[in-house]
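To start, the structure itself, in structure tokens.
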Amino acid sequence: METNLCVAGFGGQGVMTLGKFLASATCDATDRNVTFFPSYGAEQRGGTANCFVVISDGMIGAPLGDVMDDLIVMNGPSLSKFLKTLKSGGTLFINSSIVDEKDVDRDDVKLVKAPVTEMALEMGNAKVLNVIMLGVYGGYTEVVPPEVVWSTIEHKLGKKPKLLPLNKQAFETGLKLGREQRA
């Protein structure tokens, strides 16, 4: 089985970090193959930034393709730019705090709405919106066991232990929302 994921949003929304956490968790704690392909450059801090993560039971022929199984969009411009890459039957995860579901002009994909910006602000720190969305993605897809993803987040944030409680809350909140929408 192979899963192709694109994560896109504004620079500064933690798009790359979300992708890195997922790729690292897969690489470090499973026997699956993974690639992480970021798009950096002038798009940081305000422009549209994106990354691709491919998770596979077999060899990965190319780091990214033209067709995505899953798409996470954190803003409207990213929806406009990448929606056409989502395959029919694929799953679209939107930051419904910013992205209007009326702008999703496809009825052949599954839609998972998560108001992650609003949720992060309610938790007191907008910077955890990517960890909430990672939880939503993990809870909905179960592509990688959630405990493995959390272990990776915990390890990556280990030098800043004061960040762990809020990030744990954010991840668990996202997991719950993702599982509820899958049910």
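- Here the closest heavy-atom approach between residue Gly14 and residue Asn130 is recorded as O-ND2, 3.2 Å.
- Leu92 has its side chain within reach of Ile94: a pair of non-hydrogen atoms, C-beta onward, lies under 4.5 Å apart.
- Cluster annotation: Ile72 and Ile98 are assigned to distinct hydrophobic clusters (Ile/Leu/Val/Met/Phe/Trp/Tyr, side-chain heavy-atom contacts under 4.5 Å, transitive).
- For the pair Leu5 and Phe52, the minimum side-chain heavy-atom distance is 4.5 Å or more.
- With contacts defined as side-chain heavy-atom distances shorter than 4.5 Å, the pair Arg32/Val143 qualifies.
- Judged purely by distance below 3.5 Å, without hydrogens or angles, the side chains of Asp69 and Thr3 never pair a donor atom with an acceptor atom.
- Residue Asp108 places its CG atom among more than 12 non-hydrogen atoms of other residues, nucleotides or ligands, all under 6.0 Å distant.
- Atoms OG and NZ, from Ser24 and Lys156 in turn, are 3.5 Å apart once rounded to the nearest 0.5 Å.
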Mind running side chain to side chain contact (heavy atoms under 4.5 Å, CB included) on Thr17 and Lys20 for me, showing each step along the way? CA-CA 5 Å; Thr17 301; Lys20 284 180 196 176; 5.6 Å; no

Please lay out, stage by stage, how Asn33 and Ser56 fare under the test side-chain hydrogen bond (donor to acceptor under 3.5 Å, both in side chains). CA-CA 5 Å; Asn33 295 307; Ser56 179; 5.4 Å; no

Between Glu2 and Asp57, does a side chain to side chain contact (heavy atoms under 4.5 Å, CB included) hold up when you go through it step by step? CA-CA 6 Å; Glu2 184 170 289; Asp57 293 329; over 6 Å; no

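- Side-chain heavy atoms closer than 4.5 Å link hydrophobic residues (I, L, V, M, F, W, Y) into clusters, and following such links, possibly through other members, connects Leu175 to Leu164.
- Note that the CZ atom of Phe37 and the SG atom of Cys51 stand 10.5 Å from one another [nearest 0.5 Å].
- To the nearest 0.5 Å, the span separating CD on Gln169 from CE on Met119 amounts to 9.5 Å.
- The two residues Leu129 and Ala120 come nearest to each other via the heavy atoms N-CB, 3.8 Å.
- Surrounding CE of Met59 are at most 12 heavy atoms belonging to other residues, nucleotides or ligands under 6.0 Å away.
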Verdict with reasoning, Ile153 to Leu134, per side chain to side chain contact (heavy atoms under 4.5 Å, CB included): CA-CA 10 Å; Ile153 294 169; Leu134 179 56; 3.9 Å; yes

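- One finds a salt bridge joining Glu142 and Arg182 here, because a Lys/Arg side-chain nitrogen approaches an Asp/Glu carboxylate oxygen to under 4.0 Å.
- Here Leu79 contributes atom CG and Asp100 contributes atom CG; the two are 9.5 Å apart, rounded to the nearest 0.5 Å.
- Note on Leu121: it does not cluster hydrophobically with Val128, by side-chain heavy-atom contacts below 4.5 Å among ILVMFWY residues.
- Minimum heavy-atom separation, Ser97 to Glu118: OG-N, 3.0 Å.
- Side-chain atoms of Thr173 and Met123, non-hydrogen and from C-beta on, do get closer than 4.5 Å to each other.
- Applying the ring-ring contact (aromatic ring centres under 6.0 Å, His included) rule to pairs touching residues 129-153 yields Phe93-Tyr137, Phe93-Tyr140, sequence neighbours excluded.
- Pro115 and Asn95 make their closest contact through C-OD1, 4.0 Å (heavy atoms, listed as atom of the first residue, atom of the second, distance).
- The two residues Leu71 and Phe82 make their nearest non-hydrogen contact at CD2-O, 3.6 Å.
- Identified under the ring-ring contact (aromatic ring centres under 6.0 Å, His included) test for residues 96-136, with sequence neighbours left out: none.
- Note that the OG atom of Ser78 and the CG atom of Leu83 stand 11.5 Å from one another [nearest 0.5 Å].
- One finds a salt bridge joining Glu172 and Lys168 here, because a Lys/Arg side-chain nitrogen approaches an Asp/Glu carboxylate oxygen to under 4.0 Å.
- Taking the side chain as every heavy atom from C-beta outward, Leu22 and Ile55 approach each other to under 4.5 Å.
- Residues Met68 and Leu86 come closest through the heavy atom pair O-CD1, 3.4 Å.
- In this structure, the side chains of Val99 and Lys113 stay at 4.5 Å or more apart for every pair of heavy atoms.
- At least one side-chain heavy atom of Leu157 sits under 4.5 Å from a side-chain heavy atom of Asn167.
- Thr152 OG1 to Glu147 CD: the interatomic distance, rounded to the nearest 0.5 Å, is 11.0 Å.
- Proximity of Val34 to Val54: side-chain heavy atoms (C-beta onward) are nowhere separated by under 4.5 Å.
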